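Sequence lines set the chain letters: A, B, ... in the order given, protein chains first and strands last, and positions in each chain run from 1. What you are looking at is a predicted structure, and each value in this text was computed from that prediction instead of being measured.
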2 protein chains.
Amino acid sequence: MSRRIDSIIQTAEKLFSENGFVATSMRDIARSEGIEVASLYSHINSKDELLEKICFRIADEFITAIHEVNDIYFNAEEKLRMAVRLHVNIITRDLDASKVFLKEWRHLKEPRLSEFKKLRHEYEDGFRRILINGENENVFETHDKKFAVLTILSALNWITEWYRTDGNMTPDEIADHLTDFILSGLKVKSSVESK
Amino acid sequence: MSRRIDSIIQTAEKLFSENGFVATSMRDIARSEGIEVASLYSHINSKDELLEKICFRIADEFITAIHEVNDIYFNAEEKLRMAVRLHVNIITRDLDASKVFLKEWRHLKEPRLSEFKKLRHEYEDGFRRILINGENENVFETHDKKFAVLTILSALNWITEWYRTDGNMTPDEIADHLTDFILSGLKVKSSVESK
DNA sequence: CCTACCGATCGGTAGG
DNA sequence: CCTACCGATCGGTAGG
(Lines give C-alpha, C1' and ligand atoms only; values in the text may rest on other atoms or scores of the structure.)
Protein backbone atom coordinates (compact mmCIF):
# COMPACT_ATOMS: atom_id res chain seq x y z
CA MET A 1 0.00 0.00 0.00
CA SER A 2 2.88 2.38 0.72
CA ARG A 3 4.82 0.58 -1.99
CA ARG A 4 4.32 3.25 -4.63
CA ILE A 5 5.51 6.19 -2.54
CA ASP A 6 8.66 4.27 -1.61
CA SER A 7 9.23 3.43 -5.24
CA ILE A 8 8.73 7.05 -6.27
CA ILE A 9 11.29 8.26 -3.73
CA GLN A 10 13.78 5.64 -4.81
CA THR A 11 13.33 6.64 -8.44
CA ALA A 12 13.77 10.28 -7.48
CA GLU A 13 16.99 9.45 -5.61
CA LYS A 14 18.35 7.72 -8.69
CA LEU A 15 17.38 10.43 -11.18
CA PHE A 16 18.31 13.37 -8.92
CA SER A 17 21.71 11.82 -8.26
CA GLU A 18 22.35 11.06 -11.93
CA ASN A 19 21.14 14.26 -13.55
CA GLY A 20 20.63 16.70 -10.71
CA PHE A 21 17.44 17.95 -9.07
CA VAL A 22 16.71 20.80 -11.48
CA ALA A 23 17.47 18.80 -14.62
CA THR A 24 15.11 16.02 -13.55
CA SER A 25 11.48 16.64 -14.46
CA MET A 26 8.43 15.15 -12.84
CA ARG A 27 7.77 13.65 -16.28
CA ASP A 28 11.11 11.80 -16.03
CA ILE A 29 10.08 10.35 -12.68
CA ALA A 30 6.61 9.42 -13.92
CA ARG A 31 8.07 7.71 -16.98
CA SER A 32 10.42 5.67 -14.79
CA GLU A 33 7.48 4.66 -12.62
CA GLY A 34 5.34 3.79 -15.64
CA ILE A 35 2.54 6.16 -14.66
CA GLU A 36 1.28 9.62 -15.69
CA VAL A 37 2.69 12.82 -14.15
CA ALA A 38 -0.62 13.72 -12.57
CA SER A 39 -0.67 10.39 -10.74
CA LEU A 40 2.51 11.29 -8.88
CA TYR A 41 0.58 13.98 -7.07
CA SER A 42 -1.67 11.43 -5.39
CA HIS A 43 1.40 10.38 -3.42
CA ILE A 44 3.40 13.56 -2.97
CA ASN A 45 2.60 17.26 -2.84
CA SER A 46 5.45 18.70 -4.88
CA LYS A 47 8.84 18.12 -6.44
CA ASP A 48 10.41 20.10 -3.59
CA GLU A 49 8.92 17.65 -1.09
CA LEU A 50 10.77 14.79 -2.78
CA LEU A 51 14.09 16.60 -2.36
CA GLU A 52 13.29 17.37 1.28
CA LYS A 53 12.43 13.75 2.09
CA ILE A 54 15.71 12.52 0.58
CA CYS A 55 17.98 15.15 2.15
CA PHE A 56 16.52 14.92 5.64
CA ARG A 57 16.45 11.14 5.75
CA ILE A 58 20.20 11.02 5.13
CA ALA A 59 20.80 13.93 7.49
CA ASP A 60 18.97 12.02 10.22
CA GLU A 61 21.10 8.94 9.62
CA PHE A 62 24.31 10.94 9.94
CA ILE A 63 23.12 12.75 13.06
CA THR A 64 22.02 9.54 14.72
CA ALA A 65 25.36 7.92 13.94
CA ILE A 66 27.54 10.71 15.35
CA HIS A 67 25.48 10.96 18.53
CA GLU A 68 25.71 7.23 19.01
CA VAL A 69 29.49 7.41 18.68
CA ASN A 70 29.82 10.35 21.06
CA ASP A 71 27.53 8.78 23.64
CA ILE A 72 28.91 5.27 23.72
CA TYR A 73 32.56 4.92 22.79
CA PHE A 74 35.20 6.18 25.13
CA ASN A 75 38.62 6.39 23.51
CA ALA A 76 39.02 9.20 20.96
CA GLU A 77 40.85 7.08 18.41
CA GLU A 78 38.20 4.40 18.66
CA LYS A 79 35.50 7.04 18.36
CA LEU A 80 37.06 8.39 15.18
CA ARG A 81 37.36 4.93 13.68
CA MET A 82 33.73 4.21 14.49
CA ALA A 83 32.47 7.55 13.18
CA VAL A 84 34.29 7.03 9.89
CA ARG A 85 32.94 3.50 9.56
CA LEU A 86 29.37 4.63 10.14
CA HIS A 87 29.78 7.53 7.71
CA VAL A 88 31.18 5.32 4.97
CA ASN A 89 28.51 2.72 5.61
CA ILE A 90 25.69 5.23 5.21
CA ILE A 91 27.19 6.54 1.99
CA THR A 92 27.88 3.18 0.41
CA ARG A 93 24.60 1.61 1.48
CA ASP A 94 22.60 4.55 0.18
CA LEU A 95 24.76 5.95 -2.59
CA ASP A 96 22.10 7.72 -4.65
CA ALA A 97 20.46 9.40 -1.68
CA SER A 98 23.85 10.40 -0.29
CA LYS A 99 24.81 12.05 -3.56
CA VAL A 100 21.58 14.03 -3.48
CA PHE A 101 22.22 14.93 0.15
CA LEU A 102 25.72 16.16 -0.68
CA LYS A 103 25.15 17.90 -4.00
CA GLU A 104 21.52 18.96 -4.30
CA TRP A 105 20.67 20.34 -0.85
CA ARG A 106 21.18 23.91 -2.03
CA HIS A 107 17.97 23.61 -4.03
CA LEU A 108 15.96 23.20 -0.82
CA LYS A 109 13.58 26.09 -0.20
CA GLU A 110 13.36 28.03 3.04
CA PRO A 111 12.65 27.30 5.83
CA ARG A 112 13.83 23.76 5.17
CA LEU A 113 17.15 25.01 3.83
CA SER A 114 18.06 26.64 7.14
CA GLU A 115 17.00 23.56 9.10
CA PHE A 116 19.20 21.47 6.86
CA LYS A 117 22.22 23.69 7.39
CA LYS A 118 21.69 23.43 11.14
CA LEU A 119 21.82 19.65 10.96
CA ARG A 120 25.02 19.79 8.93
CA HIS A 121 26.65 21.99 11.55
CA GLU A 122 25.47 19.62 14.27
CA TYR A 123 27.17 16.76 12.47
CA GLU A 124 30.41 18.69 12.03
CA ASP A 125 30.28 19.55 15.73
CA GLY A 126 30.12 15.85 16.53
CA PHE A 127 33.38 15.29 14.67
CA ARG A 128 34.94 18.34 16.27
CA ARG A 129 34.10 16.92 19.69
CA ILE A 130 36.03 13.77 18.86
CA LEU A 131 39.09 15.84 17.99
CA ILE A 132 38.76 17.75 21.26
CA ASN A 133 38.57 14.46 23.16
CA GLY A 134 41.72 13.35 21.38
CA GLU A 135 43.52 16.49 22.40
CA ASN A 136 42.49 16.06 26.01
CA GLU A 137 43.81 12.51 25.86
CA ASN A 138 47.06 13.84 24.40
CA VAL A 139 46.83 11.56 21.37
CA PHE A 140 45.64 14.12 18.77
CA GLU A 141 47.21 17.40 17.87
CA THR A 142 45.39 19.90 15.65
CA HIS A 143 46.19 23.54 15.05
CA ASP A 144 42.76 24.27 13.62
CA LYS A 145 39.97 21.88 14.52
CA LYS A 146 37.45 23.35 12.10
CA PHE A 147 39.94 23.00 9.29
CA ALA A 148 40.70 19.41 10.30
CA VAL A 149 37.02 18.44 10.43
CA LEU A 150 36.38 19.87 6.99
CA THR A 151 39.38 18.06 5.55
CA ILE A 152 38.29 14.78 7.09
CA LEU A 153 34.71 15.11 5.90
CA SER A 154 35.90 16.05 2.42
CA ALA A 155 37.82 12.80 2.14
CA LEU A 156 34.81 10.87 3.40
CA ASN A 157 32.33 12.57 1.10
CA TRP A 158 34.41 12.35 -2.05
CA ILE A 159 33.83 8.62 -1.88
CA THR A 160 30.52 9.23 -3.66
CA GLU A 161 32.49 10.34 -6.72
CA TRP A 162 34.30 7.05 -7.28
CA TYR A 163 32.64 4.33 -5.18
CA ARG A 164 31.17 1.44 -7.15
CA THR A 165 29.20 -1.38 -5.57
CA ASP A 166 31.19 -3.85 -7.65
CA GLY A 167 34.57 -2.41 -6.66
CA ASN A 168 37.25 -4.44 -4.93
CA MET A 169 37.08 -2.74 -1.52
CA THR A 170 34.39 -3.30 1.08
CA PRO A 171 32.97 -0.24 2.88
CA ASP A 172 34.79 -1.22 6.08
CA GLU A 173 38.08 -1.58 4.22
CA ILE A 174 37.61 1.87 2.72
CA ALA A 175 36.77 3.26 6.14
CA ASP A 176 39.81 1.69 7.79
CA HIS A 177 42.15 2.90 5.03
CA LEU A 178 40.79 6.41 5.43
CA THR A 179 40.97 6.28 9.21
CA ASP A 180 44.63 5.24 9.08
CA PHE A 181 45.29 8.11 6.68
CA ILE A 182 43.47 10.58 8.93
CA LEU A 183 45.06 9.29 12.13
CA SER A 184 48.56 9.66 10.73
CA GLY A 185 47.73 13.32 10.17
CA LEU A 186 46.22 13.87 13.61
CA LYS A 187 48.45 11.95 15.94
CA VAL A 188 50.97 13.62 18.20
CA LYS A 189 54.37 13.43 16.55
CA SER A 190 57.85 13.72 17.95
CA SER A 191 59.52 14.77 14.70
CA VAL A 192 58.00 16.27 11.58
CA GLU A 193 60.42 17.81 9.17
CA SER A 194 58.85 19.63 6.27
CA LYS A 195 59.64 22.72 4.20
CA MET B 1 35.74 45.44 -27.67
CA SER B 2 35.90 41.96 -26.16
CA ARG B 3 34.78 43.48 -22.87
CA ARG B 4 31.21 42.26 -23.09
CA ILE B 5 32.02 38.63 -23.77
CA ASP B 6 34.40 38.57 -20.79
CA SER B 7 31.74 40.16 -18.63
CA ILE B 8 29.15 37.63 -19.78
CA ILE B 9 31.42 34.70 -18.93
CA GLN B 10 32.21 36.16 -15.53
CA THR B 11 28.52 36.62 -14.82
CA ALA B 12 27.84 33.05 -15.94
CA GLU B 13 30.58 31.78 -13.61
CA LYS B 14 28.99 33.57 -10.70
CA LEU B 15 25.41 32.49 -11.42
CA PHE B 16 26.29 28.91 -12.40
CA SER B 17 28.33 28.50 -9.22
CA GLU B 18 25.63 30.01 -7.00
CA ASN B 19 22.54 28.34 -8.41
CA GLY B 20 23.80 25.62 -10.71
CA PHE B 21 23.95 25.47 -14.49
CA VAL B 22 20.45 24.14 -15.10
CA ALA B 23 18.77 26.46 -12.59
CA THR B 24 20.38 29.50 -14.19
CA SER B 25 18.47 30.86 -17.19
CA MET B 26 19.81 32.96 -20.02
CA ARG B 27 17.33 35.58 -18.77
CA ASP B 28 19.13 35.61 -15.42
CA ILE B 29 22.43 36.24 -17.15
CA ALA B 30 20.97 38.92 -19.41
CA ARG B 31 19.40 40.69 -16.42
CA SER B 32 22.74 40.71 -14.59
CA GLU B 33 24.37 42.17 -17.68
CA GLY B 34 21.65 44.74 -18.09
CA ILE B 35 20.82 43.71 -21.66
CA GLU B 36 18.12 41.64 -23.40
CA VAL B 37 18.37 37.87 -23.78
CA ALA B 38 18.58 38.05 -27.53
CA SER B 39 21.60 40.32 -27.25
CA LEU B 40 23.57 37.60 -25.49
CA TYR B 41 23.52 35.62 -28.70
CA SER B 42 25.57 38.22 -30.52
CA HIS B 43 28.46 37.17 -28.29
CA ILE B 44 27.90 33.47 -27.71
CA ASN B 45 26.23 30.67 -29.59
CA SER B 46 24.49 28.81 -26.78
CA LYS B 47 24.17 28.30 -23.05
CA ASP B 48 26.13 25.07 -23.42
CA GLU B 49 29.02 27.01 -24.90
CA LEU B 50 29.25 29.13 -21.76
CA LEU B 51 29.59 26.02 -19.62
CA GLU B 52 32.23 24.61 -21.96
CA LYS B 53 34.31 27.76 -21.90
CA ILE B 54 34.32 27.83 -18.09
CA CYS B 55 35.05 24.14 -17.54
CA PHE B 56 37.82 23.89 -20.10
CA ARG B 57 39.55 27.08 -19.04
CA ILE B 58 39.95 25.72 -15.51
CA ALA B 59 40.86 22.27 -16.81
CA ASP B 60 43.65 23.83 -18.87
CA GLU B 61 44.97 25.68 -15.83
CA PHE B 62 45.13 22.47 -13.79
CA ILE B 63 46.76 20.52 -16.60
CA THR B 64 49.36 23.20 -17.22
CA ALA B 65 50.16 23.32 -13.50
CA ILE B 66 50.67 19.59 -13.03
CA HIS B 67 52.84 19.30 -16.14
CA GLU B 68 54.94 22.19 -14.96
CA VAL B 69 55.47 20.47 -11.63
CA ASN B 70 56.30 17.12 -13.18
CA ASP B 71 58.69 18.65 -15.70
CA ILE B 72 60.65 20.97 -13.45
CA TYR B 73 60.84 19.93 -9.82
CA PHE B 74 62.91 17.00 -8.82
CA ASN B 75 62.24 15.80 -5.27
CA ALA B 76 58.86 14.06 -4.79
CA GLU B 77 58.02 15.83 -1.54
CA GLU B 78 58.81 19.18 -3.11
CA LYS B 79 56.74 18.24 -6.16
CA LEU B 80 53.77 17.40 -4.00
CA ARG B 81 54.05 20.64 -2.08
CA MET B 82 54.22 22.60 -5.32
CA ALA B 83 51.32 20.75 -6.93
CA VAL B 84 49.13 21.38 -3.91
CA ARG B 85 50.07 25.06 -3.85
CA LEU B 86 49.23 25.51 -7.52
CA HIS B 87 45.97 23.62 -7.12
CA VAL B 88 44.88 25.72 -4.15
CA ASN B 89 45.96 28.89 -5.91
CA ILE B 90 43.86 28.16 -8.97
CA ILE B 91 40.83 27.37 -6.83
CA THR B 92 41.09 30.39 -4.56
CA ARG B 93 41.94 32.83 -7.33
CA ASP B 94 39.05 31.63 -9.49
CA LEU B 95 36.54 30.36 -6.97
CA ASP B 96 33.36 30.67 -9.02
CA ALA B 97 34.82 29.07 -12.13
CA SER B 98 36.38 26.30 -10.03
CA LYS B 99 33.04 25.49 -8.45
CA VAL B 100 31.48 25.22 -11.89
CA PHE B 101 34.40 23.06 -13.02
CA LEU B 102 33.93 20.73 -10.05
CA LYS B 103 30.16 20.54 -9.78
CA GLU B 104 28.59 21.34 -13.16
CA TRP B 105 30.77 19.48 -15.67
CA ARG B 106 28.30 16.61 -15.86
CA HIS B 107 25.96 18.91 -17.78
CA LEU B 108 28.46 19.15 -20.64
CA LYS B 109 27.18 17.57 -23.86
CA GLU B 110 29.07 15.04 -25.91
CA PRO B 111 31.64 15.09 -27.40
CA ARG B 112 32.92 17.76 -25.01
CA LEU B 113 31.97 15.66 -21.99
CA SER B 114 34.34 12.87 -22.99
CA GLU B 115 37.14 15.32 -23.72
CA PHE B 116 36.63 16.80 -20.28
CA LYS B 117 36.82 13.44 -18.56
CA LYS B 118 40.06 12.72 -20.40
CA LEU B 119 41.60 15.93 -19.05
CA ARG B 120 40.54 15.03 -15.53
CA HIS B 121 42.23 11.65 -15.83
CA GLU B 122 45.33 13.31 -17.17
CA TYR B 123 45.42 15.53 -14.10
CA GLU B 124 44.96 12.61 -11.73
CA ASP B 125 47.75 10.81 -13.54
CA GLY B 126 50.03 13.75 -12.84
CA PHE B 127 49.45 13.35 -9.13
CA ARG B 128 49.86 9.61 -9.34
CA ARG B 129 53.25 10.10 -10.97
CA ILE B 130 54.36 12.17 -7.99
CA LEU B 131 53.41 9.35 -5.64
CA ILE B 132 55.31 6.88 -7.81
CA ASN B 133 58.36 9.14 -7.69
CA GLY B 134 58.05 9.24 -3.92
CA GLU B 135 57.97 5.48 -3.74
CA ASN B 136 61.05 5.18 -5.91
CA GLU B 137 62.79 7.65 -3.62
CA ASN B 138 61.70 5.55 -0.63
CA VAL B 139 60.01 8.50 1.05
CA PHE B 140 56.37 7.66 0.25
CA GLU B 141 54.50 4.48 0.92
CA THR B 142 51.05 3.86 -0.55
CA HIS B 143 49.10 0.63 -0.76
CA ASP B 144 46.76 1.96 -3.38
CA LYS B 145 47.93 4.93 -5.40
CA LYS B 146 44.60 5.54 -7.10
CA PHE B 147 42.90 5.62 -3.73
CA ALA B 148 45.53 7.99 -2.35
CA VAL B 149 45.21 10.39 -5.28
CA LEU B 150 41.44 10.55 -4.95
CA THR B 151 41.70 11.19 -1.23
CA ILE B 152 44.23 13.96 -1.75
CA LEU B 153 42.21 15.64 -4.48
CA SER B 154 39.06 15.39 -2.40
CA ALA B 155 40.69 17.37 0.39
CA LEU B 156 41.93 19.93 -2.11
CA ASN B 157 38.61 20.30 -3.89
CA TRP B 158 36.47 20.52 -0.79
CA ILE B 159 38.11 23.88 -0.21
CA THR B 160 35.53 25.38 -2.58
CA GLU B 161 32.84 24.52 -0.02
CA TRP B 162 34.20 26.67 2.77
CA TYR B 163 36.84 29.04 1.37
CA ARG B 164 36.06 32.74 1.74
CA THR B 165 38.21 35.50 0.30
CA ASP B 166 37.96 37.33 3.61
CA GLY B 167 38.97 34.32 5.70
CA ASN B 168 42.00 34.30 7.98
CA MET B 169 44.18 31.89 5.99
CA THR B 170 46.04 32.75 2.81
CA PRO B 171 45.92 30.26 -0.07
CA ASP B 172 49.56 29.30 0.56
CA GLU B 173 48.87 28.72 4.25
CA ILE B 174 45.94 26.49 3.36
CA ALA B 175 48.11 24.63 0.86
CA ASP B 176 50.94 24.11 3.34
CA HIS B 177 48.56 22.89 6.06
CA LEU B 178 47.06 20.42 3.65
CA THR B 179 50.43 19.28 2.38
CA ASP B 180 51.63 18.59 5.92
CA PHE B 181 48.45 16.61 6.53
CA ILE B 182 48.89 14.65 3.32
CA LEU B 183 52.59 14.04 3.82
CA SER B 184 52.03 12.61 7.29
CA GLY B 185 49.74 10.06 5.66
CA LEU B 186 52.13 9.21 2.85
CA LYS B 187 55.53 9.12 4.46
CA VAL B 188 57.34 5.92 5.24
CA LYS B 189 56.78 5.09 8.89
CA SER B 190 58.72 2.88 11.28
CA SER B 191 55.82 2.31 13.68
CA VAL B 192 52.11 2.64 13.13
CA GLU B 193 49.89 0.98 15.63
CA SER B 194 46.21 1.07 14.74
CA LYS B 195 43.18 -1.22 15.14
C1' DC C 1 22.01 45.55 -29.05
C1' DC C 2 16.58 45.46 -29.38
C1' DT C 3 11.51 44.10 -30.57
C1' DA C 4 8.83 40.49 -31.32
C1' DC C 5 8.18 35.98 -31.33
C1' DC C 6 8.41 30.49 -31.46
C1' DG C 7 7.89 25.65 -30.16
C1' DA C 8 8.92 22.90 -26.29
C1' DT C 9 8.73 21.84 -21.74
C1' DC C 10 8.06 22.85 -17.02
C1' DG C 11 5.43 21.99 -12.20
C1' DG C 12 1.05 21.46 -11.07
C1' DT C 13 -4.46 21.21 -10.98
C1' DA C 14 -9.52 20.03 -11.95
C1' DG C 15 -12.36 16.54 -12.09
C1' DG C 16 -13.32 12.13 -12.44
C1' DC D 1 -4.46 6.32 -11.34
C1' DC D 2 -5.93 8.91 -15.91
C1' DT D 3 -7.56 12.64 -19.42
C1' DA D 4 -7.25 17.11 -20.35
C1' DC D 5 -5.43 21.20 -19.52
C1' DC D 6 -3.08 25.77 -17.54
C1' DG D 7 0.05 29.69 -17.00
C1' DA D 8 4.86 30.34 -16.78
C1' DT D 9 9.24 29.92 -18.38
C1' DC D 10 12.75 27.91 -21.07
C1' DG D 11 16.68 28.29 -24.99
C1' DG D 12 16.90 30.32 -29.07
C1' DT D 13 15.81 32.90 -33.82
C1' DA D 14 14.30 36.44 -37.47
C1' DG D 15 15.05 40.66 -38.78
C1' DG D 16 16.48 44.89 -38.12
Side-chain angles (χ1 to χ4, degrees), chain A residues 1-56 96 100 103-113 116, chain B residues 1-56 96 100 103-113 116:
Chain A
M1 88 193 182
S2 64
R3 265 278 161 53
R4 180 60 86 176
I5 173 71
D6 293 340
S7 172
I8 290 173
I9 292 172
Q10 216 174 317
T11 297
E13 288 169 356
K14 182 160 173 274
L15 295 177
F16 290 172
S17 83
E18 276 173 9
N19 312 313
F21 172 72
V22 185
T24 302
S25 70
M26 295 303 277
R27 271 131 183 111
D28 293 333
I29 297 175
R31 197 179 313 120
S32 273
E33 287 289 310
I35 60 180
E36 292 299 317
V37 203
S39 308
L40 288 173
Y41 292 90
S42 318
H43 302 96
I44 54 153
N45 293 314
S46 68
K47 190 186 175 188
D48 289 333
E49 191 187 279
L50 278 174
L51 181 62
E52 290 170 13
K53 276 194 155 56
I54 297 167
C55 288
F56 280 89
D96 285 331
V100 176
K103 298 175 72 175
E104 305 297 329
W105 61 267
R106 60 176 164 172
H107 297 294
L108 289 168
K109 307 288 181 296
E110 294 290 3
R112 303 294 273 158
L113 179 59
F116 181 86
Chain B
M1 90 194 182
S2 64
R3 265 278 160 54
R4 180 60 87 178
I5 173 71
D6 293 340
S7 173
I8 290 172
I9 292 173
Q10 215 174 318
T11 298
E13 288 170 357
K14 182 161 173 275
L15 295 177
F16 289 173
S17 82
E18 276 172 9
N19 313 313
F21 173 72
V22 185
T24 302
S25 70
M26 295 303 277
R27 270 129 184 113
D28 294 332
I29 296 174
R31 197 179 313 119
S32 274
E33 286 288 311
I35 59 179
E36 292 300 316
V37 203
S39 308
L40 289 173
Y41 292 90
S42 319
H43 302 96
I44 54 153
N45 294 315
S46 67
K47 190 187 176 188
D48 289 332
E49 192 188 277
L50 278 174
L51 182 62
E52 289 170 13
K53 276 193 157 52
I54 297 166
C55 288
F56 280 88
D96 284 331
V100 176
K103 297 176 74 175
E104 305 298 329
W105 61 268
R106 59 176 164 170
H107 298 294
L108 289 168
K109 308 288 182 293
E110 294 289 5
R112 303 293 273 158
L113 179 59
F116 181 86

4.5 Å side-chain heavy-atom contact, B:Leu113 and B:Trp105: yes
CD/B:Glu52: more than 12 non-hydrogen atoms of other groups inside 6.0 Å: yes
Rounded distance in Å - CZ (B:Arg3) to C1' (C:dC1): 18 Å
Inter-residue atom distance B:Met26.CE - B:Leu15.CG, 0.5 Å rounding: 11.0 Å
Any side-chain heavy-atom pair of A:Val37 and A:Ile29 under 4.5 Å: no
Separation of C:dG12 C1' from A:Glu49 CD (nearest whole Å): 13 Å
Set of residues satisfying salt bridge (charged side-chain N to carboxylate O under 4.0 Å, His left out) with respect to A:Lys47, sequence neighbours excluded: none
For B:Lys53, all residues meeting salt bridge (charged side-chain N to carboxylate O under 4.0 Å, His left out), sequence neighbours excluded: B:Glu49
Pairing residues for B:Asp48 by the side-chain hydrogen bond (donor to acceptor under 3.5 Å, both in side chains) criterion, not counting sequence neighbours: B:Lys109
Positions of residues 21-31 of chain A (non-hydrogen atom under 4.0 Å from DNA chain C), listed by number: A:Thr24, A:Ser25, A:Met26, A:Arg27
Dot-bracket encoding per residue of DNA chain D, Watson-Crick/G-U cut-off under 3.5 Å, | denoting interstrand: ||||||||||||||||
Under 3.5 Å donor-acceptor, B:Ser17 side chain and B:Glu13 backbone: yes
B:Arg112 side chain reached by B:Phe56 side chain, heavy atoms, under 4.5 Å: yes
Between D:dC2 (P) and A:His43 (NE2): distance, integer Å: 10 Å
Whole-Å distance separating the CG atom of B:Asn45 from the P atom of D:dG12: 9 Å
Distance in Å, A:Leu51 CG paired with A:Leu108 CG, rounded so as to fall on 0.5 Å steps: 4.5 Å
Strand-adjacent residues in residues 8-17 of chain B, judged by heavy atoms under 4.0 Å from DNA chain D: none
Partner set under salt bridge (charged side-chain N to carboxylate O under 4.0 Å, His left out) for A:Asp96, not counting sequence neighbours: none
Gap between atoms NE2 and C1', on A:His107 and C:dG11 respectively (whole Å): 16 Å
Side chain proximity check, A:Phe16 to A:Ile54, heavy atoms < 4.5 angstrom: yes
Pairs flagged by salt bridge (charged side-chain N to carboxylate O under 4.0 Å, His left out) wherever residues 27-44 of chain A is involved - sequence neighbours left out: A:Arg4-A:Glu33, A:Asp28-A:Arg31
Strand-adjacent residues in residues 32-42 of chain B, judged by heavy atoms under 4.0 Å from DNA chain C: B:Ile35, B:Glu36, B:Ala38, B:Ser39, B:Ser42
